Structure formats: C-alpha cells, structure tokens
Colleague: 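Below you will find the structure I want to go over with you.
Reminder, nothing fancy here: chain letters follow the sequence lines and each chain counts from 1. Basis for what follows: all heavy atoms, side chains included, without hydrogens, waters or symmetry-related copies. If you're wondering where the values come from, they're calculated on a predicted model, not measured in any experiment.
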There are 2 protein chains.
Amino acid sequence: MSVQERKQRERAERERLIVATARELAEQQGWDAVTTRRLAERIEYSQPVLYSHFRGKREIIGAVALEGATEMAAALRAATSAADGPRTRVTALARAYLEFAARNPAVYDAMFELDGGLAFANEDTPPPLKDAFAALLESLGEVAGDGVHPALFTEVFWAALHGLATLTRAGRLPPEHTEPRVELLVARLAMV
Amino acid sequence: MSVQERKQRERAERERLIVATARELAEQQGWDAVTTRRLAERIEYSQPVLYSHFRGKREIIGAVALEGATEMAAALRAATSAADGPRTRVTALARAYLEFAARNPAVYDAMFELDGGLAFANEDTPPPLKDAFAALLESLGEVAGDGVHPALFTEVFWAALHGLATLTRAGRLPPEHTEPRVELLVARLAMV
DNA sequence: GTTCGATCCTAGCATCGCTAGACAAGCAAG
DNA sequence: CTTGCTTGTCTAGCGATGCTAGGATCGAAC
C-alpha cells in the first residue's frame with residue numbers, strides 16, 4: 001500500500017503546485033495571462049495533466065478562491081482579535097478587508113469577480129466561504145443594532161466593503177480617500 | 001455635399017445598430033456570447049466592418065456602457081423627481097439603482113464589471129458617466145450630514161449599492177431580502 | 001522477463017479577437 | 001460612354017484560447 005500512498009501524496013502535492021502557480025501567475029500578470037498552456041509550462045507538465053486534477057480552468061479559479069477565503073477569514077480574525085471594543089473591532093475589520101482585497105487582487109477576483117463554479121449562500125457552499133462570512137458576522141453582529149438581524153446587517157456592511165474594494169481597484173473611485181470612506185461607513189452603519 | 005451627408009448618416013445608423021445588437025445579444029446570452037463573428041452575422045455584415053467603427057470588442061463594450069450610463073442617469077432622476085422629501089428621494093434612488101442593475105445586467109456589467117476602456121474619476125471621464133454620478137450626487141448630497149463632504153458620502157453610498165447589486169446578481173447574496181437591505185442602508189447612512 | 005494498467009504527452013479541434021490583401025461598387029474626369 | 005481611382009466590403013488567414021482523443025511510455029505485479 002505504501003506505493004499507492006506515495007503516489008497519492010505526489011498527486012496532492014502537484015495539485016497544490018498547480019493552484020499556487022495559478023495564483024502566483026494571476027497576481028503577477030492578471031488572470032488573463034493564466035492560460036492552460038502557460039500554467040502547464042510553469043509546473044513543467046503538459047496541458048492535459050491539469051485536466052486530470054480539475055475539470056477546467058474554472059475549477060482552478062475556484063480552488064484559488066477557496067484558498068483565498070481561508071486566508072481572508074484568518075486575516076479578519078487576526079485584525080479583530082487585536083482590537084478591544086466593538087467599534088474598534090469593526091474599524092479594524094473594515095481596514096483588514098480592504099487591505100486584503102488590495103494586496104491580493106487576483107485572489108479577490110477569483111473569490112468575487114470571476115466564475116469559479118462555486119456555490120454561494122446555500123447549503124452547498126464550501127466551508128471556507130461559509131467561514132469567511134462567519135468571520136465577518138462575528139464582529140459585525142455585535143453592532144447590528146436593536147431589532148436588526150445580524151446576518152442582514154452583515155450582508156449590507158459586506159456589500160459596502162465589496163463595493164469600495166472593487167470600485168477602487170477598477171479605477172472607478174480615486175484611491176486617495178479610502179480611509180475617510182471607511183470611517184464614514186463605520187460611523188454610520190455600526191451601532192455602538 | 002448631400003451624398004457625403006447621406007453616407008455619414010448611414011454610417012452613424014450602422015454604428016447604432018452595432019451597439020444595439022451587441023447589447024441585445026449580451027442581455028440575451030451574456031457577454032461571453034458576444035463574439036465578433038456572431039455580432040457581424042447579426043448585423044448582416046462581415047467581421048472587419050466592426051473594426052471600421054470600433055478599435056475592437058472593448059470599445060463596443062464601452063459604447064454600450066455609455067448608453068447605459070445615460071439611461072441610468074435618466075432612470076435615477078425620474079425616480080427621485082417623483083418623490084418629495086430627502087429621505088423618500090434617497091430610498092427611491094436606491095431602489096431605482098438596484099432595479100436598473102437587475103433589469104439590465106449586461107449593461108451594468110459593461111459599465112462596472114467589464115473593461116470598456118473608459119476613463120473614470122478623472123478629467124477624461126466621458127460626460128455620460130459624469131452625469132450618472134451627478135444624478136447620484138443630487139439626491140445623496142442633501143443627506144450627507146453635517147461636516148461630511150457630499151462627494152465622499154456619495155461615493156460610499158454608491159459603493160454600497162454597487163456591492164449589493166453585484167453580490168446579489170452573482171449569487172453571493174440571496175435575492176429575497178433586497179428590500180430590507182435597502183431600508184437598512186438608507187436608515188443608517190442617510191441623515192435626515 | 002513479461003504482461004498489463006496507469007500515467008503522461010503529442011497532436012489536433014473548434015473558437016476567439018483581429019488583420020492583410022483581394023475585389024467590387026460608385027464617383028469624377030476625359 | 002468609357003476610363004481610372006477612391007472608397008467600401010469581403011474572403012481568407014494568423015496566432016492564441018480552452019479542451020480532448022489516442023498513442024507512447026513507464027513501472028508494478030506475477
């Protein structure tokens with residue numbers, strides 16, 4: 001059985017390599033540059049190997065998105081756990097969210113802009129995505145205000161963050177005034 | 001000169017046909033289905049004709065985006081002019097914005113998700129885009145609150161609407177609770 | 001050592017955006 | 001009316017894309 005196990009290990013290792021390479025390439029040159037040929041060349045295998053791991057390019061994007069969701073959840077929790085008081089936590093959360101989006105644009109795209117073939121907002125949603133939303137909910141739920149459902153509040157706050165992140169990165173909003181925008185958002189939405 | 005004028009008119013007419021057809025095809029089957037070949041076939045001309053009007057597919061998307069911006073500005077103004085009182089106006093504005101995005105998904109994509117090669121948030125921004133932002137500013141500026149720059153407030157509110165629109169349409173947010181989300185957003189952000 | 005199955009690669013398909021160069025239609029000059 | 005030229009359009013093709021079929025190769029098992 002040891003032989004099979006070794007092969008499985010190597011296969012899993014190669015799969016990680018594919019995802020990591022795709023992510024790296026996307027961050028360096030954008031998702032348009034992530035073609036199956038270039039990706040295959042970088043991992044030093046031929047194209048069809050990719051298709052023995054993933055159904056297609058789409059699933060590779062999805063894998064990057066899941067990886068990103070895990071990291072984002074961790075980043076959000078790290079930022080909020082260092083802050084005390086609901087208000088400070090929400091501000092830290094908002095800043096961490098936007099910073100994650102700005103520093104990992106390709107990953108953020110994989111999560112929210114591109115089609116990675118992932119299910120959202122239903123029972124088939126993969127755990128990392130649910131957990132990322134949970135990380136938001138943890139800090140945002142406590143400032144939802146009386147009579148407002150925490151999940152609903154989280155959705156609205158999240159949408160605002162997502163809007164700021166995407167519009168800024170796409171050049172629709174000048175990037176200079178990010179900080180005052182965050183402050184305004186927190187000041188108005190969060191009920192201390 | 002009459003001959004030249006007629007030709008110019010016909011050319012302009014054909015250009016409108018291209019844009020309208022691209023938009024129609026995109027709304028019917030998504031932007032992925034808008035290929036230069038299919039588009040050429042629908043307007044009953046050959047592919048290269050498209051390139052005598054536009055530099056490439058990108059510019060066609062940009063043209064659809066501009067058309068959409070004009071319509072959106074009109075829709076927003078129509079919705080707000082029928083409401084009296086700042087608070088009612090803002091609610092009407094938010095609903096109109098989200099409805100426009102939901103009813104014209106391909107146009108909304110052309111405006112904000114796809115690359116139409118348009119300049120944003122600087123002096124080169126085409127008039128229709130500036131005007132659409134102005135339409136937002138007209139109603140949102142009056143509820144910015146004391147000491148808050150109207151443009152900054154508009155950016156934040158707009159980002160929130162954009163986030164709701166895109167996340168909902170991409171299946172990231174369940175579409176059922178759109179109305180309470182809008183109400184929460186207006187209740188918190190707008191200072192009556 | 002031989003067989004056989006898993007693994008991987010070469011080669012190719014259909015389609016994409018875009019362009020060069022041939023061709024025809026229509027106008028101006030003789 | 002014919003000739004020549006400009007203007008407009010089309011056919012054909014390039015390189016690149018995602019994806020796949022079918023053959024070659026390699027290693028494990030008897």
Colleague: Cation-pi check for B:Tyr45 against B:Arg14: NZ or CZ below 6.0 Å from the six-membered ring centre and within 45 degrees of the axis, yes or no?
Modeller: yes
Colleague: Ring centroids only, cut at 6.0 angstrom: are A:Phe153 and A:Trp158 within range, meaning strictly under it?
Modeller: no
Colleague: Rounded to whole angstrom units, what separation is found between the CD atom of B:Glu13 and the P atom of D:dG8?
Modeller: 17 Å
Colleague: Please list all pairs passing the side-chain hydrogen bond (donor to acceptor under 3.5 Å, both in side chains) test where one or both residues lie in residues 59-68 of chain B, with sequence neighbours left out.
Modeller: B:Arg23-B:Glu67
Colleague: I'd like to check the side-chain contact (heavy atoms from CB on, under 4.5 Å) partners of A:Arg37; sequence neighbours left out, ordered by chain and number.
Modeller: A:Thr35, A:Gln47
Colleague: Please list all pairs meeting salt bridge (charged side-chain N to carboxylate O under 4.0 Å, His left out) that have one or both residues in residues 128-154 of chain A, counting only residues at least two apart or in different chains.
Modeller: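 Every pair satisfying salt bridge (charged side-chain N to carboxylate O under 4.0 Å, His left out) with a residue in residues 128-154 of chain A: A:Arg77-A:Asp131, A:Arg77-A:Glu138, A:Arg89-A:Glu142.
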Colleague: When we call it a touch if two heavy atoms are under 4.0 Å apart, what does B:Arg58 touch: a base, just sugar-phosphate, or nothing?
Modeller: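 Contact class for B:Arg58: none.
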Colleague: Would you kindly give the CG-to-C1' distance between A:Leu25 and D:dT17, to the nearest whole Å?
Modeller: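 Rounded to whole Å, this separation is 15 Å.
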Colleague: Please report, rounded to the nearest Å, how far the C1' atom of D:dT7 is from the CD atom of B:Glu10.
Modeller: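 Distance, rounded to whole Å: 14 Å.
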Colleague: Between B:Trp31 (CH2) and C:dG17 (C1'), how many Å, whole number?
Modeller: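 Spelled out: CH2 on B:Trp31 to C1' on C:dG17 is 15 Å.
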Colleague: For A:Ala33, check side-chain contact (heavy atoms from CB on, under 4.5 Å) against everything at least two apart and list the hits.
Modeller: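 Residues passing side-chain contact (heavy atoms from CB on, under 4.5 Å) with A:Ala33: A:Gln29, A:Arg38.
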Colleague: Report, one pair per line, the protein and nucleotides 13-16 of chain C atoms (nitrogen or oxygen only) whose separation is under 3.5 Å.
Modeller:
residue: C:dC16; atom: OP1; partner: B:Arg38; partner atom: NH2; Å: 3.2
residue: C:dC16; atom: N4; partner: B:Arg37; partner atom: NH2; Å: 3.4

Colleague: Using a cut-off of 4.0 Å on non-hydrogen atoms, how would the nucleic acid contact of A:Arg11 be classed: base, sugar-phosphate, or nothing?
Modeller: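 Result for A:Arg11 = nothing.
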Colleague: Measure the distance from CD1 on A:Ile43 to P on C:dC9 and round it to the nearest whole Å.
Modeller: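 It works out to 9 Å between those atoms.
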Colleague: Examine distances only and state if a side-chain atom of A:Trp31 and a backbone atom of A:Asp109 form a donor-acceptor pair shorter than 3.5 Å.
Modeller: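 Pair absent, no side-chain N/O of A:Trp31 close to backbone of A:Asp109.
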Colleague: Between residues 44-51 of chain A and DNA chain C, which residues have a heavy-atom gap below 4.0 Å?
Modeller: A:Tyr45, A:Ser46, A:Pro48, A:Val49
Colleague: Is the closest side-chain heavy-atom distance between B:Leu98 and B:Leu164 below 4.5 Å?
Modeller: yes
